[in-house]
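Numbers here are sequence positions counted from 1. Note that these values count all heavy atoms, side chains included, but never hydrogens, waters or copies made by symmetry.
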Amino acid sequence: MQKNQFGLIGLAVMGQNLVLNAADHGFRVSVYNRSAEKTNEFLAGEAKGKSIAATYTLKEFVDSLERPRIIQIMVKAGAAVDDVINQLKPLLDKGDIVIDGGNSFFPDTERRAKELESLGLRFIGMGVSGGEEGARHGPSLMPGGTREAYAFIEPIMKAIAAKAPADNVPCVAYIGTGGAGHYVKMVHNGIEYGDMQLIAEGYALLKAAINPSADEFRQIFSEWNKGELSSFLIEITADVFSKIDDKTGKPLVDLVLDKAGQKGTGKWTSQNALDIGAAIPTITAAVDGRFLSSLKEERVAASKILQGPKVTYTGNRQKIINAVRAALYASKICSYAQGMTLLRKASIEYHYDLDLHEIARIWRAGCIIRARLLDVIMHAYRRNPALPSLLVDNELKSAIQNCQDNWRFAVKTAIDLGVPVNAISSSLSYFDAYRTENLPANLIQAQRDYFGAHTFERIDQPGIFHANWKD
């Protein structure tokens, strides 16, 4: 009996759609889920008639696969992944490949890779982005591990990955050793947090200034999606404003409680940036924004106590729309610049040897942050692979310069109206700090030397100095 080429454990939404995707591309697939009922429902539903075989024990599952076995785990990150791996280990043979396709924290992936490789097994930690739709029709895939292991899974991954519209190239590439794939996915999610917060702040500013109707918002975002802001997130934002609630007849977005959830990847990005000394203020402001949103009851109470400015916007309607558009684009460039700089520092810190051009390339389709901007970023790294920051690339520098007056006008208007734009203003401050030759850190270092004898360097002579500041 012919054995199957690919196995997947975990038939939640992402797992089911990846299996259907693989089967559609001609691969014979085995599936296993802890709940036999879910397995049966899947096989009787969308999987019916496809080259997908159900198994009901892990031994049956492993035995159904050709060697070296390629097994992808799609279960909740954390202890559940370790549990599945521990159950698989005694059933596998040397050379078999285990892929963790969940949102695992990269140090966990490093640990699992070392453990399995010591047993003669191969381990791939693979970031998967695109949500339900991406998994079904083509996600962006970020596999990390050994090149040898990637060579075995490459044909399957290239087949199921999204294809970039510009050149039809699969959005998958070997990322690097150990936890590199999950690290890159973590940063992808951090950039995603930043993008979403920037869009929400632009919406809030327009709402406070000119209060467009939901249909007007739909038109604004639809128009923006035709230009430099074209992206999956701008596209779906226009769709969000189109949805009318069946019960009330009101725009559904206006009925959604203003508490944004999170699963932790954005927080991990900010924490790791602090660990390795990378400044990512836009992304961190987005994480903070979600924390602040969770304080709904406190904010309701505070709104009755704390007063902001009593100002209304009386300027030109189109002017503020154009200003928010420019602020979003310039801030988005800063957010991506922060994310790519973090990847560059992490590549050195963890010896990942990341290729930033390739990372931008595989994010162009399938993933949540896919955007026209990524083509520009890809070309920037093609021109200069050692680019210290996207902000100094000629094309992106020109884009920010063209946005700058409107960007500052948007932030000033938000301040005047008392609208919180933490991510947009953090992006502007990041830009201003990065372009400033002399920052006030000289005063900070003088203070540190005053109270703690931490020493300082001078601008006029080499060496390390300490002063008696009380004289």
Side-chain angles (χ1 to χ4, degrees), residues 3-10 15 18 29-34 55 57-128 141-157 172-187 264-265 268 271-272 275-276 343 346-355:
K3 296 200 172 188
N4 292 331
Q5 301 156 295
F6 179 56
L8 187 136
I9 298 172
L18 284 169
V29 186
S30 295
V31 297
Y32 171 79
N33 193 77
R34 187 174 57 178
T55 63
T57 68
L58 278 176
K59 186 177 188 312
E60 181 189 3
F61 170 77
V62 169
D63 288 345
S64 72
L65 298 169
E66 63 183 26
R67 295 180 60 189
R69 301 176 180 95
I70 299 174
I71 297 170
Q72 183 158 333
I73 301 170
M74 293 297 292
V75 301
K76 186 177 179 181
V81 177
D82 288 318
D83 288 345
V84 172
I85 289 173
N86 288 332
Q87 291 174 59
L88 278 174
K89 279 190 298 189
L91 304 174
L92 300 178
D93 295 302
K94 287 188 176 181
D96 286 347
I97 300 160
V98 177
I99 306 166
D100 174 12
N103 271 333
S104 289
F105 194 26
F106 77 97
D108 290 338
T109 303
E110 302 273 3
R111 169 179 56 79
R112 291 165 185 148
K114 288 175 183 174
E115 178 191 349
L116 290 180
E117 285 163 14
S118 71
L119 300 174
L121 301 170
R122 301 173 175 129
F123 186 70
I124 294 279
M126 184 168 70
V128 179
L141 299 172
M142 295 152 258
T146 63
R147 280 193 180 274
E148 180 192 21
Y150 177 66
F152 281 98
I153 71 168
E154 186 175 31
I156 296 175
M157 298 309 151
V172 59
Y174 173 71
I175 297 298
T177 59
H182 277 141
Y183 188 95
V184 169
K185 176 55 164 51
M186 177 188 77
V187 175
T265 47
W268 291 344
Q271 288 173 329
N272 181 256
D275 289 340
I276 67 174
L343 289 175
S347 183
I348 297 167
E349 180 79 14
Y350 304 120
H351 310 290
Y352 285 155
D353 195 23
L354 300 179
D355 185 333

Nearest 0.5 angstrom please: [X] [atom1] to [Y] [atom2], how far?
X	Y	atom1	atom2	value
Ile9	Arg34	CD1	CZ	12.5 Å
Thr109	Ile124	OG1	CD1	11.0 Å
Leu92	Leu58	CG	CG	9.5 Å
Lys89	Leu119	NZ	CG	6.0 Å
Thr177	Leu354	OG1	CG	8.5 Å
Ser104	Trp268	OG	CH2	7.0 Å

Close side-chain approach of [X] and [Y], heavy atoms under 4.5 Å:
X	Y	result
Leu343	Tyr183	yes
Ile175	His182	no
Ile276	Tyr350	yes
Val31	Asn33	no
Ile99	Pro143	no
Ile73	Leu88	yes
Val187	Asn272	no
Ile70	Leu65	no

Short side-chain donor-acceptor distance under 3.5 Å, Ser30 and Asn4:
yes
If only atom types and distance count, is the side chain of Gln72 paired as donor or acceptor with the main-chain N or O of Leu8 below 3.5 Å?
no
For the pair Asn86 (side chain) and Asp82 (backbone), establish whether a donor and an acceptor sit closer than 3.5 Å, ignoring hydrogens and angles.
yes
Taking everything shown except Asp353 itself, do over 12 heavy atoms lie less than 6.0 Å from its CG?
no
Which heavy-atom pair separates [X] from [Y] by the least distance, and what is that distance?
X	Y	value
Phe152	Ile97	CB-CD1, 3.3 Å
Glu66	Lys3	N-CB, 3.6 Å
Phe123	Glu117	O-OE2, 4.2 Å
Met142	Val184	SD-CG1, 3.9 Å

Which side-chain hydrogen bond (donor to acceptor under 3.5 Å, both in side chains) pairs, counting each pair once, include a residue from residues 142-153, with sequence neighbours left out?
Arg122-Glu148
Should the pair Phe106 and Tyr352 be assigned to parallel (<30°), tilted (30 to 60°) or perpendicular (>60°) ring geometry?
perpendicular
Between Phe61 and Ile71, is a side chain to side chain contact (heavy atoms under 4.5 Å, CB included) present by the stated rule, with each step listed?
CA-CA 10 Å; Phe61 170 77; Ile71 297 170; 3.7 Å; yes
Step-by-step side chain to side chain contact (heavy atoms under 4.5 Å, CB included) determination, Val128 to Lys185:
CA-CA 7 Å; Val128 179; Lys185 176 55 164 51; 5.6 Å; no
Tell me, please, which residues at least two apart from Phe6 pass ring pair (Phe, Tyr, Trp, His ring centres under 6.0 Å).
none
Apply side chain to side chain contact (heavy atoms under 4.5 Å, CB included) to the pair Arg69 and Asp93, showing each step before the final yes or no.
CA-CA 8 Å; Arg69 301 176 180 95; Asp93 295 302; 2.8 Å; yes
